[in-house]
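Everything on this sheet refers to the single structure shown next.
Just so it is clear: chains get the letters A, B, ... in the order the sequence lines come, proteins before strands, and each one is counted from 1. Since we're looking at a predicted model, the values are computed, not measured.
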Amino acid sequence: MYRTHTCGQLRVEHAGQETLLSGWVHRRRDHGPLIFIDLRDRYGLTQVVFDSTNAPEAHAVASQARSEFVLQLRGLVRTRPPESQNANLPTGEIEVVASSAEVLNPAKTPPLYIAKEGGEDEALRLKYRYLDLRRERMQKNLILRHKVVKFIRDFLDDESFLEIETPILIKSTPEGARDYLVPSRVHPGEFYALPQSPQQLKQLLMVAGYDRYFQIARCFRDEDLRADRQPEFTQLDLEMSFVDQEDVLTLIERLFTELSRELMPHKRLTTPWPRLTYAEAMQRYGSDKPDLRYGMELVDLSATVATSQFALFGEAAANGQQVKGIRVPGIGGYSRKQVDEVVELAKQAGARGLLWASLQQGTDPASVRSSFGKQVSNDEMAAIIATMGGKIDDMLLIVADKPSAAAAVLDKLRREMAARLGMADQNVLAWAWVTDFPLVEFNEEEGRWDAVHHPFTAPLDEDLVLMDSDPGRCRAKAYDMILNGYEAGGGSIRIFQREVQQKLFDLLGISRETAQAQFGHMLEAFEYGAPPHGGIAPGIDRIVMILAEEPTIREVMAFPKTQQAVDLMTNAPSPADERQLRDLHIRVADKPNT
RNA sequence: GGAGCCGGGGUGUAGUGGUCAAACAUGGAACCCUGUCAAGGUUCAGAGCGCGGGUUCGAAUCCCGUCGGCUCCGCCA
């Protein structure tokens, strides 16, 4: 036996009991004849006292112990003298007086401090992840993650959902993200793909009659990484039969509202969740995943400046462009250098330029310091200020560009300014729905229509006719759940009628042969009685990241990869040996020079 | 594929052309110390500044290239 209690367990009521503890040396305070060791495991810290007069052998062990040694000790629990109790520790009212002790395993000086977090290069944390994971921050996050997944499982179980596993080795489909491929040994030259999501499989489960399915599913996408994107990540994959969009939204909203209240009781949220159409979100925020914790909405000035003599405004109106801006409060006093930085930021986001006007001196047009004051009349400036609701000490930032570019630039500026000004309340969970996404969008490069969500997404009933006449305006029964400026999940009601599916394939330029080769199993399945169905896939990593107030998804994953998709701990990926390659019928064409 | 930031004892930083064969803190070693909880005190050891070129009388410091980490754009149905 190694322990009778954990290091987070003992309290005053245990005083007088004999205890056996095992754990890591968190801190050691050596007073010579008296040594204190804080023994740590994932349950907490317990102070152990080693007294050279009462237990010289145990004391000798303690004097040899160092940080992160694994120790086992036996001793008596006792209430600490009142003046030496530690209110900061749950176990702070007691201590264990060691009678015997043993070093189960010594430890080298660790490259990371376990007791003191932060500061070091993240590469070091990733290389020694098993040490990093000992720290409170990662422990807290992984425990929260466990609780989130547990809550989801319990909730869905209560709602009659079945958790069903789907294969990791599946058929590659060409659309969407780049697949991770796995070579087949048995079939030379052929490959499995790892699922980008179990999309088709869950739809086939609906055909199979498992009308309420979910899975905590690992997904794989071979694309470049971001703070909120890893090559493998986890989704709550969920699908329901005999439902419309409202049924899915209602259930998921209830799940995550209850989850938020249960696990994050100190955070506020708005119920019912706000709903925005895609068009509305783009118009008001320039983003399909706006952070609703603050305002600073985009203002459309196109009408205000439609008749302006200022060439930039006039041309915009003539070319079907938009003039839009945001009002940033409190930065009217920005120096020329600071303003230039903001302009530079806008250019990085794709702006050709950025107009600005400082209301540091107030809203009288004559007192406004701006980049375009000489180009417009006082009346025009006054109209712009009025339309944007300008107040003293504001900075107005304005772009004139095609709608997509204006949206991208103002979204970037809105987020950057909100971050600088600390406008987002950390104690708010701004859940919301974005609905009515376009069904397809035109791919300029390839000269064809692409599915915005995926090729099984149903169009809105009333927009069905647009699939022929004006596909770009055809809306879909597709929806995203958003949270604090992140896409927390997305889903749709699927097409379950063969004719509509064929119509969409035709629109996407997928020939019957191609459709048969790629989706034949789906099309065939749908001919055997497919129920109306739809679903959603919330991203577990992102949601936990936001709940934990962490800046990256890596902080809520046990063993994440770097931006180059490398695991610094195991050094994956690594070359395969010749024997393995031969078995897999693979020859490496471009070997790096080593 | 592109842009930006970072890279120095075990760890985190100061140092932005000579005063630096590199300072401070923490960690490490040794000793002192019976109530600490970031314990305290004394002493000692520990890096030539990611790597490779270049500029200069002189380079952690400037320039070029390269490698690694991060952030962002492209990409992510």
#### Entry: Rounded P spacing from B:C49 to B:C33 in Å
43 Å

### Message
For a quick check of understanding: with a heavy-atom distance under 4.0 Å over all strands, which category does A:K412 fall into, base, sugar-phosphate or nothing?
### Response
sugar-phosphate

### Query
Taking the side chain of A:L126 as heavy atoms from C-beta outward, which of B:C37, B:C70, B:G28 is closest to it?
B:C70

### Task
Kindly say if A:Q564 contacts the phosphate of B:G68, meaning a side-chain N or O under 4.0 Å from OP1 or OP2.
no

### Query
Given the C1' atoms of B:A45 and B:A29, what is the spacing between them in whole Å?
7 Å

#### Entry: A:R27 side chain near B:A39 phosphate (N/O to OP1/OP2, under 4.0 Å)
yes

### Task
Select base, sugar-phosphate, or nothing to describe what A:L45 touches, counting heavy atoms under 4.0 Å on all strands.
nothing

#### Entry: Parallel, tilted or perpendicular: rings of A:F456 and A:H454 (30°, 60°)
tilted

### Query
Using a cut-off of less than 4.0 Å, is there contact between a side-chain N or O of A:R29 and OP1 or OP2 of B:C33?
no

#### Entry: Inter-nucleotide P distance (B:U11, B:G50), Å rounded
13 Å

## Note on the structure
In Watson-Crick or G-U wobble terms, with both distances under 3.5 Å, the base opposite B:U42 is B:A30

## Note on the structure
When A:R352, A:K324, A:K347 are each screened for salt bridge (charged side-chain N to carboxylate O under 4.0 Å, His left out) with A:D401, the one that passes is A:R352

### Query
Does B:G68 have a Watson-Crick or wobble partner in any strand here, with both distances under 3.5 angstrom, and which is it?
B:C6

## Note on the structure
Atom CG of A:L124 and atom P of B:G69 are separated, to the nearest Å, by 13 Å

### Task
Consider the side chain of A:T53, meaning its heavy atoms from C-beta on, and name the nucleotide among B:U71, B:G35, B:U34 that approaches it most closely.
B:U34

### Query
For RNA chain B, whose closest nucleotide is more 5', that of A:R554 or that of A:V49?
A:V49

### Message
Reading RNA chain B from 5' onward, which residue's closest nucleotide shows up sooner: A:Q563 or A:S197?
### Response
A:Q563

### Task
Select one nucleotide: of B:C76, B:C73, B:C37, the one nearest the side-chain heavy atoms of A:R229.
B:C76

### Query
So, do A:F233 and A:R542 sit near enough that their side-chain heavy atoms are less than 4.5 Å apart?
no

### Query
Among B:G1, B:U34, B:C72, which is the nearest nucleotide to the side chain of A:D224?
B:G1

### Query
With a 4.0 Å cut-off on heavy atoms, is A:Q85 in touch with a base, just the backbone sugar-phosphate, or nothing at all?
base

### Query
Taking OP1 and OP2 of B:G28, is either one under 4.0 Å from a side-chain nitrogen or oxygen of A:T109?
no

### Query
When all nucleic acid strands are considered with a 4.0 Å heavy-atom cut-off, which category describes A:D222: base, sugar-phosphate, or nothing?
nothing

### Query
Within the structure shown, what part of the strands sits under 4.0 Å from A:N88 by heavy-atom distance: base, sugar-phosphate, or nothing?
nothing

### Task
Write down the distance separating the C1' atoms in B:C70 and B:G54, rounded off to the nearest Å.
29 Å

### Query
Contact class for A:R542 vs. all strands (heavy atom < 4.0 Å): base, sugar-phosphate, or nothing?
nothing

### A:Q196: which of A:D222, A:D179, A:T173 passes side-chain hydrogen bond (donor to acceptor under 3.5 Å, both in side chains)
A:D179

### Task
Using distance alone, with no hydrogens and no angle criterion, decide if A:Y213 and A:D237 have a side-chain donor and acceptor under 3.5 Å apart.
yes

### Query
Within the structure shown, what part of the strands sits under 4.0 Å from A:D121 by heavy-atom distance: base, sugar-phosphate, or nothing?
sugar-phosphate

### Message
Counting the atoms with a prime plus P, OP1 and OP2 as sugar-phosphate, which does A:Q47 contact under 4.0 Å by heavy atoms, base, sugar-phosphate, or nothing?
### Response
base

#### Entry: Nearest-0.5 Å distance, CD of residue A:Q199 to OG1 of residue A:T457
7.0 Å

### Short side-chain N/O contact from A:R28 to OP1 or OP2 of B:U36, under 4.0 Å
no

### Task
Indicate, with a heavy-atom threshold strictly under 4.0 Å, whether A:E416 touches base, sugar-phosphate, or nothing.
nothing

## Note on the structure
Regarding B:A38, purine or pyrimidine glycosidic angle vs 90° from 0 gives anti

#### Entry: Stacking check A:H31 vs B:G35 (5.5 Å / 30 deg)
no

### Query
Considering only heavy atoms from C-beta outward, does the side chain of A:K561 approach that of A:E232 to under 4.5 Å?
yes

### Query
In whole Å, what separates the P atom of B:A23 from that of B:A47?
12 Å

### Query
Which nucleotide in the set B:C76, B:G74, B:C70 lies at the smallest distance from any side-chain heavy atom of A:E223?
B:C76

### Message
So A:R178, base contact, sugar-phosphate only, or nothing? Heavy-atom distance under 4.0 Å.
### Response
nothing

## Note on the structure
Looking only at B:G12, B:C70, B:C75, the nucleotide nearest the A:E122 side chain is B:C70

